[in-house]
Number of protein chains: 2
Amino acid sequence: MAATPLFRRIDIAPAYQKVADAIEREIINGRIKPGEPIGTEQQLVAQFGVNRSTVREGIRVLEEGGLIRRDSSRRLQACLPRYNKLATRLSRALILHEVTFRELFETSMTLEVASVEGAVERATDDNIAELAGNLERSAAVVGDPAGLAELDAEFHVLMAKASQNRVLQLAREPAAQLFFPTTEMIVGGVPEGGARLVEAHRHILDAIMRRDKEAGVLWTRRHLQDWRRGFEKIASLDRSVEHTYMEHAYAARQ
Amino acid sequence: MAATPLFRRIDIAPAYQKVADAIEREIINGRIKPGEPIGTEQQLVAQFGVNRSTVREGIRVLEEGGLIRRDSSRRLQACLPRYNKLATRLSRALILHEVTFRELFETSMTLEVASVEGAVERATDDNIAELAGNLERSAAVVGDPAGLAELDAEFHVLMAKASQNRVLQLAREPAAQLFFPTTEMIVGGVPEGGARLVEAHRHILDAIMRRDKEAGVLWTRRHLQDWRRGFEKIASLDRSVEHTYMEHAYAARQ
DNA sequence: TCTTATCGGTTTGTCCGACAAAGCTAGATT
DNA sequence: AATCTAGCTTTGTCGGACAAACCGATAAGA
């Protein structure tokens with residue numbers, strides 16, 4: 001293939017991109033640690049020898065990527081990318097690719113089952129306490145679809161957290177962000193929907209506490225199957241996650 | 001909680017952010033479709049009534065998010081976010097969070113098994129042809145760890161594609177990007193490693209063609225277990241994905 | 001003494017104007 | 001008709017500017 005590697009590929013990139021890349025590299029390889037300051041725009045201007053507008057464009061790129069942020073006093077600092085923010089980007093991509101609810105459901109089933117398995121194996125007392133707190137609050141709002149939907153989403157986030165697997169936590173988030181907003185509609189549309197949901201959560205938590213993987217998986221599956229049955233009452237699984245439908249759910253981001 | 005909702009929360013956002021949000025909204029809800037032009041910077045300046053520098057900062061934000069891009073002549077147009085690019089952001093996040101190989105492995109196992117299940121169910125002739133082509137090329141470079149590692153990564157991408165589940169495709173990508181670069185080390189370090197890898201791929205493809213889910217899952221598990229055994233010969237699974245180690249793999253992005 | 005008000009000095013967000021390089025358009029040339 | 005060329009447009013970058021917000025420290029008041 002390669003005949004004579006005489007010349008290196010010449011790197012032609014706009015200045016703002018090079019600024020972004022340079023800062024990114026320092027953060028990725030750990031020379032700038034999360035929380036540490038990057039410097040003022042003026043300093044970056046001096047260091048890179050480019051105009052402030054150029055620096056600012058580079059900064060926007062990194063800021064959007066979640067690698068840097070501005071602290072309370074608007075000074076630049078490196079930071080750990082928030083899963084949540086990145087997941088929002090992914091959810092957006094899924095919307096635009098018009099994925100179907102079937103795809104969402106199938107993947108969520110896989111990931112939630114993996115979550116519960118991890119949680120059963122490795123949940124700490126703190127994790128369990130958090131889940132129990134969530135369950136208690138859920139039981140209190142069982143008649144309120146909106147409130148319950150929100151707590152349901154939280155329950156699953158806590159379950160993923162309890163799995164102690166951060167890769168899994170990250171992987172499930174994008175699908176979850178699109179999957180769970182429908183819960184409100186479903187809980188509201190099915191009589192006893194709220195009660196069934198809380199019941200399932202209770203069994204799942206119980207399984208986690210008893211370290212009973214089989215039961216945990218079983219109830220997680222039932223829980224999701226409930227969602228599916230509810231969803232199929234109002235729409236086809238092969239319907240795509242629509243722009244207009246998802247707009248409000250998506251707009252809830254900050 | 002909420003006493004008197006007398007005042008709306010006043011949204012104080014910098015102008016460039018509002019510019020980005022406005023354009024993003026038009027794309028998300030489908031009023032601007034992928035491929036359609038956004039307009040020149042000058043036009044945006046006129047429409048939003050802000051300075052070009054401000055518009056450009058907003059544009060950078062969207063560009064980084066993969067929502068817009070510049071075509072061959074550098075004009076702005078909406079586009080579908082590429083999974084690949086987004087996955088790179090996520091991989092970066094995983095590196096910074098210093099996730100362990102155990103977490104990567106566990107999650108990849110879940111997702112690859114889900115992939116093969118989907119592929120067994122729904123792979124098209126085209127998918128199978130692609131996988132067969134990959135297998136053929138793999139067999140030809142069985143002695144070349146670097147080449148084989150690359151083809152291995154491709155095989156798994158193709159398998160996810162064959163599952164016809166785009167959510168799954170997206171969900172597996174970040175972990176895969178970190179997981180598979182190690183393959184080269186492992187294949188190179190284990191005698192017969194390359195042969196075993198190709199053998200596993202062959203069985204997996206065979207299972208997909210025969211629509212034999214059990215066999216597909218079995219060989220996928222074996223395949224990943226092989227990776228795990230190989231990895232444990234050189235390092236602990238509890239070792240985190242390190243900055244310096246991952247730097248070169250990560251640098252391979254464009 | 002402790003709190004509050006004030007006052008420069010910085011830094012950010014935004015604006016204005018400008019220019020070279022590259023791409024596109026359309027008229028001029030062969 | 002095909003090609004070349006000149007002009008217009010657009011982007012990437014630059015320099016400078018200014019109001020608002022923020023920081024730190026000092027001065028004034030309880």
Side-chain angles (χ1 to χ4, degrees), chain A residues 7 9-27 32 34-79 82 85 254, chain B residues 7 9-27 32 34-79 82 85 254:
Chain A
F7 293 109
R9 179 187 170 148
I10 149 169
D11 171 25
I12 175 128
Y16 72 86
Q17 190 64 54
K18 289 189 174 177
V19 168
D21 286 347
I23 299 175
E24 170 175 338
R25 203 159 19 237
E26 294 303 290
I27 296 176
I32 301 177
E36 288 180 5
I38 309 291
T40 68
E41 295 180 2
Q42 206 56 36
Q43 289 172 317
L44 295 175
V45 165
Q47 291 176 46
F48 289 115
V50 298
N51 191 270
R52 191 157 79 98
S53 306
T54 306
V55 166
R56 281 175 65 83
E57 287 188 37
I59 286 174
R60 291 294 160 252
V61 170
L62 296 176
E63 218 170 28
E64 173 65 9
L67 269 187
I68 69 179
R69 67 188 200 90
R70 314 197 89 114
D71 65 12
S72 59
S73 71
R74 292 197 174 136
R75 268 184 245 290
L76 292 169
Q77 64 175 214
C79 69
R82 309 270 317 116
K85 179 178 177 183
Q254 43 182 338
Chain B
F7 293 109
R9 174 181 175 158
I10 131 174
D11 87 328
I12 173 135
Y16 72 86
Q17 189 64 54
K18 288 190 174 177
V19 168
D21 286 347
I23 299 175
E24 169 175 339
R25 203 159 19 237
E26 295 303 290
I27 297 176
I32 302 177
E36 288 179 5
I38 309 290
T40 68
E41 295 181 2
Q42 206 56 40
Q43 288 172 318
L44 294 176
V45 165
Q47 289 175 47
F48 289 115
V50 299
N51 191 270
R52 190 157 80 98
S53 305
T54 305
V55 165
R56 281 175 65 82
E57 286 189 39
I59 286 173
R60 292 293 161 252
V61 170
L62 295 176
E63 218 170 27
E64 173 67 7
L67 268 187
I68 69 179
R69 68 188 199 88
R70 313 197 89 113
D71 64 13
S72 59
S73 71
R74 292 197 174 138
R75 268 185 243 291
L76 292 169
Q77 63 175 213
C79 69
R82 308 272 318 117
K85 180 179 177 185
Q254 42 178 343

Side-chain polar contacts of residues 38-48 of chain B - donor-acceptor pairs under 3.5 angstrom, sequence neighbours left out - could you list them?
{"unit_1": "B/Thr40", "atom_1": "OG1", "unit_2": "B/Gln42", "atom_2": "N", "d": "3.4"}
{"unit_1": "B/Thr40", "atom_1": "OG1", "unit_2": "B/Gln43", "atom_2": "N", "d": "3.1"}
{"unit_1": "B/Glu41", "atom_1": "OE1", "unit_2": "B/Arg52", "atom_2": "NH1", "d": "2.5"}
{"unit_1": "B/Glu41", "atom_1": "OE1", "unit_2": "B/Arg56", "atom_2": "NH1", "d": "3.4"}
{"unit_1": "B/Glu41", "atom_1": "OE2", "unit_2": "B/Arg56", "atom_2": "NH1", "d": "2.8"}
{"unit_1": "B/Glu41", "atom_1": "OE2", "unit_2": "B/Arg70", "atom_2": "NH2", "d": "3.3"}
{"unit_1": "B/Gln43", "atom_1": "OE1", "unit_2": "B/Thr40", "atom_2": "N", "d": "2.8"}

Checklist entry - When the C1' atoms of the five terminal pairs at each end define the local axes, what inter-axis angle does the helix from C/dT1-D/dA30 to C/dT30-D/dA1 show, to 10 degrees? => result 10°
Checklist outcome for this item: Nearest heavy-atom contact between A/Ala20 and A/Leu62 is O-CD2, 3.6 Å
Item to check | Residues which pass side-chain contact (heavy atoms from CB on, under 4.5 Å) with B/Pro14, listed by chain and number, not counting sequence neighbours | outcome: B/Tyr16, B/Gln17
Item to check | Base versus backbone protein contacts along nucleotides 9-17 of chain D [heavy-atom cut-off under 4.0 Å; B, S, -] | outcome: -SBBBBB-B
Item to check | With A/Arg75 via salt bridge (Lys or Arg N to Asp or Glu O under 4.0 Å) - residues at least two apart | outcome: none
Item to check | Counterpart residues, salt bridge (Lys or Arg N to Asp or Glu O under 4.0 Å), relative to B/Glu64 (two or more places apart) | outcome: B/Arg89
Checklist entry - Is a salt bridge present between B/Arg60 and B/Glu63, judged by a nitrogen-to-oxygen distance below 4.0 Å? => result yes
Next on the checklist: If you compare all heavy atoms of A/Cys79 against all heavy atoms of A/Ile68, which two are closest, and at what distance to 0.1 Å?
Outcome noted: SG-C, 3.9 Å
Checklist entry - Can you name the salt bridge (Lys or Arg N to Asp or Glu O under 4.0 Å) partners of B/Arg74, sequence neighbours left out? => result none
Checklist outcome for this item: Footprint ends on DNA chain C, 5' to 3', for atoms under 4.0 angstrom from a heavy atom of chain A, come out as C/dT11 to C/dT14
Item to check | B/Gln77: partners by side-chain hydrogen bond (donor to acceptor under 3.5 Å, both in side chains), with sequence neighbours left out | outcome: B/Arg69
Checklist entry - Taking only residues two or more places apart in sequence, or in another chain, which ones meet A/Glu26 in a salt bridge (Lys or Arg N to Asp or Glu O under 4.0 Å)? => result A/Arg31
